[in-house]
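Predicted model, so just to flag it, every value in this text is computed and none were measured.
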2 protein chains.
Amino acid sequence: MTRRPKIKDIAERLGVSPATVSRALADTGLVAEPTLTRIREAASALDYRPNVSARNLRTRRSMAVLLVVRDIGNPFYLDVVKGVEAAARAAGYAVLMGNAENDPGRESEYFDMLRDGHADGMILMTGSLPSTPEFRRRLSPNLPVVVALEMIEDVDFPHVQIDNAAAARQAIAHLVGLGHARIAHVSGPVPEVMSIRRRDGYRAAMHEAGLPIPEGYEQRGDYLLQSGRDACRRLMALPVPPTAIFLANDEMAFGAIHELRRMGRDVPGDVSVVGFDDLYLSEAFSPPLTTVAQPRAEIGRRAMGMLLDMFGGGSAPKEPVILPTTLKVRGTTAAPKMT
Amino acid sequence: MTRRPKIKDIAERLGVSPATVSRALADTGLVAEPTLTRIREAASALDYRPNVSARNLRTRRSMAVLLVVRDIGNPFYLDVVKGVEAAARAAGYAVLMGNAENDPGRESEYFDMLRDGHADGMILMTGSLPSTPEFRRRLSPNLPVVVALEMIEDVDFPHVQIDNAAAARQAIAHLVGLGHARIAHVSGPVPEVMSIRRRDGYRAAMHEAGLPIPEGYEQRGDYLLQSGRDACRRLMALPVPPTAIFLANDEMAFGAIHELRRMGRDVPGDVSVVGFDDLYLSEAFSPPLTTVAQPRAEIGRRAMGMLLDMFGGGSAPKEPVILPTTLKVRGTTAAPKMT
DNA sequence: GTGAAAGCGCTAACAC
DNA sequence: GTGTTAGCGCTTTCAC
């Protein structure tokens with residue numbers, strides 16, 4: 001037997017119908033005991049495996065989900081992907097990889113893949129959607145799509161996310177608790193939603209603490225290393241430079257620490273630094289980075305879980321699911337120097 | 001029209017046969033001009049998209065590849081995945097994500113997925129294969145499988161990789177060039193092939209330089225942070241500690257630097273450190289890590305390219321494809337202190 | 001509990 | 001150049 005066996009082969013060999021074989025192998029409980037075992041044994045003897053294309057065509061399902069991120073090369077997504085993968089595999093789903101690269105054209109392609117039957121559902125971590133009317137028109141509201149990690153406004157897919165503003169407040173509260181009064185912020189690429197939320201959290205916390213935000217204490221970055229460097233340089237060139245900097249992600253925080261070192265400033269001796277995300281090796285940095293950790297693996301698992309619920313006919317939560325963040329206090333924050 | 005349109009719908013609407021529609025949409029060049037445009041227009045008017053399951057069943061191809069890594073949570077794979085994804089998408093292939101977690105059971109599942117028609121080919125980055133005779137027996141030699149990044153011995157799939165030994169020699173030559181004579185090595189989890197190769201490169205380079213490898217100068221790690229720390233501590237406790245340490249990956253190098261700092265040793269003032277891999281943020285470390293960079297994205301692209309060749313009926317190279325590495329000299333290496 | 005028959009939506013032989 | 005026909009391999013009514 002060199003050709004790949006199909007259901008018909010087993011059926012003929014055993015003198016039963018293909019339907020019975022299918023039922024036996026699918027564990028429907030509809031096949032009686034003498035036959036059941038014979039079929040299972042024959043299948044395993046022939047090393048039979050069902051053809052997925054045929055099954056998918058017939059059942060109109062693909063048993064796959066599509067996971068679309070902004071940039072597959074960013075370590076930020078590692079744990080989320082891992083969480084999704086684990087939950088998917090546990091439920092028997094395969095995971096297709098999507099890389100949007102901030103290109104609306106690609107985002108729209110992934111929606112097409114969903115329609116084409118490549119996947120039964122999609123987890124979106126792109127933070128945006130194509131804005132062409134043509135795309136929007138097609139956008140049926142009950143598509144099996146879950147938005148994770150990011151937020152997409154004016155579209156009502158279920159969301160799994162963190163409270164970015166609250167997380168930022170945690171970070172600032174920590175610095176205030178240490179005695180800092182001159183706290184600056186380097187934001188992400190405002191006006192993206194996430195960047196705005198984190199910045200607003202910073203503003204709110206400063207306000208609550210009764211601290212001013214002097215001119216120039218809010219710098220705009222783009223989440224990349226170099227922008228952390230640049231923003232830091234501008235900050236330290238101010239007439240009254242900050243004693244602490246809260247950056248909207250870890251990567252910029254690394255850039256800032258670099259720049260501070262280059263200028264001969266000690267971290268945390270002279271300036272405290274707080275990041276956001278808790279990347280894979282942020283703990284390995286020296287000194288270990290103080291940062292806000294999001295439960296990324298859990299976000300992935302939950303997103304996948306919500307998709308599965310939707311597949312099962314359940315309705316997705318109308319309100320966003322908010323997961324708790326944790327402030328990891330490590331080595332880059334300390335009390336400010338006495339003045 | 002609420003139901004999803006199929007080829008038949010277009011055919012009926014235009015009074016042509018389904019076959020013609022299929023041919024027109026597939027750009028076979030077999031459909032003449034008046035009809036061709038009419039079909040295209042009707043398809044786009046109906047917003048028609050072919051059903052992939054049906055097409056896959058009929059063509060016996062899935063237009064997908066399976067990318068299997070050791071641990072999807074490891075940043076090490078980011079660029080390779082990116083390279084594979086880019087090459088795959090350029091060729092019209094989707095990428096399925098596989099996570100082996102060093103579990104032979106899972107590895108074998110991914111081979112099953114290949115057989116089931118989930119994917120047309122597979123890129124393996126696991127460094128090992130299930131060793132059960134049952135699995136080995138099934139292992140047809142001309143499966144569409146490419147091994148990338150890692151090496152799998154006693155199996156003849158095509159490989160894309162780097163010359164690990166030569167790369168290690170580059171690293172040691174650099175240290176020797178700086179004037180170091182007491183150079184230690186922290187290996188990966190020997191007896192894995194890659195760990196052995198890197199260690200052998202170290203040994204060869206030391207030998208070439210006429211330098212001894214004193215008792216205890218070779219420590220075994222497991223590629224994780226903590227093992228870098230531990231190995232470093234053992235190294236520095238030796239009667240004559242090294243002035244330079246070459247670690248088999250960046251993550252362990254970070255651990256070692258940490259430990260050195262903790263012991264009050266300056267890097268690179270007191271001890272030089274060289275890593276291997278050039279992770280995403282190794283350049284952002286402080287000081288920036290001196291390390292051996294592998295062309296990971298290129299490895300991914302090449303692996304995908306080789307698969308495509310195999311799909312096209314071409315034969316894969318019998319000899320491994322070896323890509324060049326680059327030593328990135330950065331801030332963690334310097335001349336040894338005068339004694 | 002099992003079988004017969006239909007059909008998922010597409011493409012590829014083969015006619016003409 | 002286009003139509004006709006068959007069939008990819010599976011699951012699922014519907015009978016009995």
Quick check on [N]: is either OP1 or OP2 less than 4.0 Å from any side-chain nitrogen or oxygen of [X]?
{"X": "A/T35", "N": "C/dT2", "value": "yes"}
{"X": "A/Y48", "N": "D/dC10", "value": "yes"}
{"X": "A/S17", "N": "C/dA4", "value": "no"}
{"X": "A/S53", "N": "D/dC10", "value": "no"}
{"X": "A/S22", "N": "D/dT11", "value": "yes"}
{"X": "B/T59", "N": "C/dT11", "value": "no"}
{"X": "A/R60", "N": "C/dC8", "value": "no"}

Exercise. If you pin A/R23 and A/K8 to their nearest nucleotides in DNA chain D, which one's is more 5'?
Worked result: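 The 5'-side residue here is A/K8.
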Exercise. Which nucleotide, C/dT2, C/dT11, C/dC8, lies nearest any side-chain atom of A/L57?
Worked result: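 Per side-chain heavy atoms of A/L57, the pick is C/dC8.
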Exercise. Among C/dT2, C/dA12, D/dT2, which is the nearest nucleotide to the side chain of B/R58?
Worked result: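 Ranking C/dT2, C/dA12, D/dT2 by closest atom to the B/R58 side chain puts C/dA12 first.
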What does [X] touch in the nucleic acid at a heavy-atom separation under 4.0 angstrom: a base, only the sugar-phosphate, or nothing?
{"X": "B/A32", "result": "sugar-phosphate"}
{"X": "A/G15", "result": "sugar-phosphate"}
{"X": "B/G29", "result": "nothing"}

Can you check the [X] [atom1] to [N] [atom2] distance for me, whole Å?
{"X": "A/I7", "N": "C/dT2", "atom1": "CD1", "atom2": "P", "result": "15 Å"}
{"X": "B/I10", "N": "C/dT11", "atom1": "CD1", "atom2": "P", "result": "11 Å"}
{"X": "A/H118", "N": "C/dC10", "atom1": "NE2", "atom2": "P", "result": "14 Å"}

Problem set entry | Interatomic distance, A/E107 atom CD to A/L129 atom CG [nearest 0.5 angstrom] |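 Between A/E107 CD and A/L129 CG, I get 6.0 Å after rounding to 0.5 Å.
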Exercise. Applying the side chain to side chain donor-acceptor pair (under 3.5 Å) test to A/K82, which of B/N74, B/D71, B/N99 qualifies?
Worked result: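 So, applying the side chain to side chain donor-acceptor pair (under 3.5 Å) to A/K82 and each of B/N74, B/D71, B/N99, only B/D71 qualifies.
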Exercise. Where do B/Y223 and B/F76 land on the ring-ring contact (aromatic ring centres under 6.0 Å, His included) test, with the steps shown first?
Worked result: CA-CA 11 Å; B/Y223 286 142; B/F76 180 67; 8.1 Å; no
